[in-house]
Each structure stands twice: as C-alpha cells, then as structure tokens.
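Counting starts at 1 for both ligands and their atoms, in listed order.
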Amino acid sequence: MKKIDLLGLKKILIQKKTELLNKSNNSHGRMNIDSGINDVGDEIDTASQNSEREMYFELVANDKMTLNAVDDAIVKIEKSVYGKCECCRDVIPLKRLKAIPWTRYCIQCQEKLENPQK
Ligand SMILES: [Zn+2]
C-alpha cells in the first residue's frame, strides 16, 4: 500500500477515535440525567424509558466495538501489518479500507461472518 494512502487512512482512524471518545463522554453525562428522571417517573414512563435505554446500550456496545477496531487498526498501521484480512490473510482492497478504515476482514469473510448459513 502507498504511504500516502496509509497516512490518509490513519488520519481518518484518529478522527473516528476522537469522535467515539467524545460521544462516550457525552452519553455518560446523559445516563446520569436519565437515572434522575427514572426516580420520579410513573410506570408507563419507566417502561418506555427502559426500551430507549436498551437501544442506547446497544448503540454504546457498537461504539465500543468500533472503537476497539479503530484502535487495532492504528496499531496495525504502526506495525506495518495494516490492510490484511484477519480471517483469510488476504489483502483488503483499498476501496473497502477507504470506506471502512477499521474493518478487520475482507468482504468475503465479512459476509461469511454475518451470514454463517450461506
Ligand atoms: Zn478474508
């Protein structure tokens, strides 16, 4: 891979990492406010808040996964092992890396992981 591409991708990864870290700091504050509301809310309000909260935790879990992948990708760039599929060890096309720089897998392996029945 060209060094210029690698540097561009690293920049995107660092931006994404900052974005995710900021987001998790903000949502932490929001969670504290939420628990305050819960104390005074009636049963119906609590129920709707619970489903919102489930969605919210799901989002946080996804962000954590992305953050891990972003971190790993930055480490891989530094170790010059970036751009290879963790599953089949094939080179991941640059087009895919530019779309999702923190991806761990090539398209074929990603599809297999997402749809194991196929
Ligand atoms: Zn692969």
Practice task
Please tell me if the side chains of Asp5 and Lys98 come closer than 4.5 Å, counting only heavy atoms from C-beta onward.
Solution key: yes
Exercise for the section: Evaluate the side-chain proximity of Trp102 to Asp72: yes if any heavy-atom separation is below 4.5 Å, no if none is. Expected result: no
Practice task
Using a cut-off of 6.0 Å, state whether more than 12 heavy atoms not belonging to Met1 lie near its atom CE.
Solution key: yes
Handout entry: Polar side-chain atom of Arg96 near backbone of Tyr105 as donor-acceptor pair, under 3.5 Å
Key = yes
Fill in the blank from the handout: Under 2.8 Å from the Zn ion (ligand 1), the protein N, O or S atoms found are Cys85 SG, Cys88 SG, Cys106 SG, Cys109 SG
Exercise for the section: Treating Ile, Leu, Val, Met, Phe, Trp and Tyr as nodes and any side-chain heavy-atom pair under 4.5 angstrom as an edge, say whether Leu113 and Ile92 lie in one connected cluster. Expected result: no
Practice task
Flag yes if Leu97 and Ile14 sit in one hydrophobic cluster, no otherwise; membership is Ile, Leu, Val, Met, Phe, Trp, Tyr, and two members link when side-chain heavy atoms are under 4.5 Å apart.
Solution key: yes
